[in-house]
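Structure record follows, encoded as structure tokens.
No hydrogens, no waters, no symmetry mates; every other heavy atom, side chains included, goes into these values. What you see is a predicted model, and the numbers here were worked out from it, not measured in a lab. We number each residue from 1, following the sequence as shown.
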Amino acid sequence: MLLSWLTIPFIGRQHIKRYLSSAMFIFFLMMVESYIAEKKKWWIFPNPPHPYLTGETALLLGLFLAGSLWIKKFTYGHFGKYMLLNALVDTFFFILFIEL
């Protein structure tokens, strides 16, 4: 989580101001999704960091939020590139964190 946030200063202040609101909106939607997934038992993260937080909070606050800012910076104005890069990154993390 900390490693991903150490890259944020390299994005630039202007880009952070431009994309932070949309990245926070996406983060909020993902938190709602994780809450629903926990209640419906779609997936389980053992040992959450706090009783009021889901197990994937660290993943969402770290890699997901910082990654959203980077993806938006590199693909601004090109929706097709955004969708492709976002799908590739999501697929990479899915394969990386899946338990076989």
Measure the shortest side-chain to side-chain distance between Y76 and R18 over non-hydrogen atoms and say whether it is less than 4.5 angstrom. yes

L69, F74: one ILVMFWY side-chain cluster at the under-4.5 Å cut-off? yes

Main-chain N/O of A23 paired to S68 side chain as donor or acceptor, under 3.5 Å: no

Value for CZ (F27) from CG (L61), rounded to nearest 0.5 Å, stands at 4.0 Å

Roughly how far, to the nearest 0.5 Å, is the CG atom of L85 from the CH2 atom of W70? 12.0 Å

Can L3 be reached from L65 by stepping across I, L, V, M, F, W or Y side chains whose heavy atoms are under 4.5 Å apart? no

Nearest-0.5 Å distance, OG of residue S21 to CD1 of residue I16: 12.5 Å

Quick one: pull up CG in D90 and CD1 in I95 and give me the separation to the nearest 0.5 Å. 11.0 Å

All heavy atoms of I11 vs all of K73, minimum pair found to be O-NZ, 3.3 Å

Do F92 and L84 share a hydrophobic cluster (ILVMFWY, side-chain heavy atoms under 4.5 Å, transitive)? no

Within a radius of less than 6.0 Å around CZ of F25, do more than 12 heavy atoms belonging to other residues, nucleotides or ligands occur? no

With hydrophobic residues grouped by side-chain heavy-atom distances under 4.5 Å, do F64 and F10 end up in a single group? yes

Give, for atom CH2 of W42 and atom CD of E33, the distance between the pair rounded to the nearest 0.5 Å. 7.0 Å

Got a second to check how far N86's CG is from K72's NZ, nearest 0.5 Å? 8.0 Å

